[in-house]
Amino acid sequence: QVQLVESGGGLVQAGGSLRLSCAASGRTFSSYAVGWFRQAPGKEREFVAAISWSGDLTPYADSVKGRFTISRDNAKNTVYLQMNSLKPEDTASYYCAAKISGWPGRTTRNYDNWGQGTQVTVSS
């Protein structure tokens, strides 16, 4: 198992930026694929971005492509989500999730471990 803790959320005006962090403890984080998901009130949890253990695979949801960037620093056991040009529709709780082996892709149920989430609110 791996424990995941998100941070970096907050309130920002439309057009602003935030950087979310997902810090991991436990087993060898560098071998995990990690994904970011978000959930707005009354909506299902949706895929945002993911990164393979090596960093060579980084798919994004169409809604965030070109604005968000996922990256990882395995020496720090941390995955980041840089969010630029934020829009009110980006408002949600953001969760990171890890997959111990294999490539989980964009599918929520493929991930083994989840953090508690961090709230992002974008005002218009």
Any salt bridge linking Lys65 with Asp62? Criterion: basic side-chain nitrogen under 4.0 Å from a carboxylate oxygen.
yes
Do Ser93 and Arg38 come within less than 4.5 Å of each other through their side chains, counting heavy atoms only?
no
For residues Phe37 and Phe68: do they belong to one hydrophobic cluster (side chain heavy atoms under 4.5 Å, members Ile, Leu, Val, Met, Phe, Trp, Tyr)?
no
Treating Ile, Leu, Val, Met, Phe, Trp and Tyr as nodes and any side-chain heavy-atom pair under 4.5 angstrom as an edge, say whether Leu81 and Val120 lie in one connected cluster.
yes
So, [X] and [Y]: side-chain donor and acceptor under 3.5 Å apart, yes or no?
X: Ser123; Y: Gln13; result: no
X: Asn84; Y: Ser17; result: yes
X: Arg19; Y: Tyr80; result: no

Quick one: pull up OH in Tyr94 and CG in Leu18 and give me the separation to the nearest 0.5 Å.
9.0 Å
Which one of Val122, Thr91, Val64 satisfies the side chain to side chain contact (heavy atoms under 4.5 Å, CB included) criterion with Leu86?
Val122
Test item: Asn77 side-chain N/O and Ala23 main-chain N/O as donor-acceptor pair under 3.5 Å:
no
Report yes or no: does Thr107 contribute a side-chain atom to a donor-acceptor pair with the main-chain N or O of Asn110 at less than 3.5 Å?
no
Applying side-chain contact (heavy atoms from CB on, under 4.5 Å) to Thr69 and Tyr60, what does each step give before you reach the verdict?
CA-CA 8 Å; Thr69 303; Tyr60 294 91; 3.8 Å; yes
With Arg45 as the cation and Trp114 as the aromatic partner, state whether NZ or CZ is under 6.0 Å from the six-membered ring centre and within 45° of the axis.
yes
Got a sec: does the CD of Gln116 have more than 12 other heavy atoms crowding it under 6.0 Å?
no
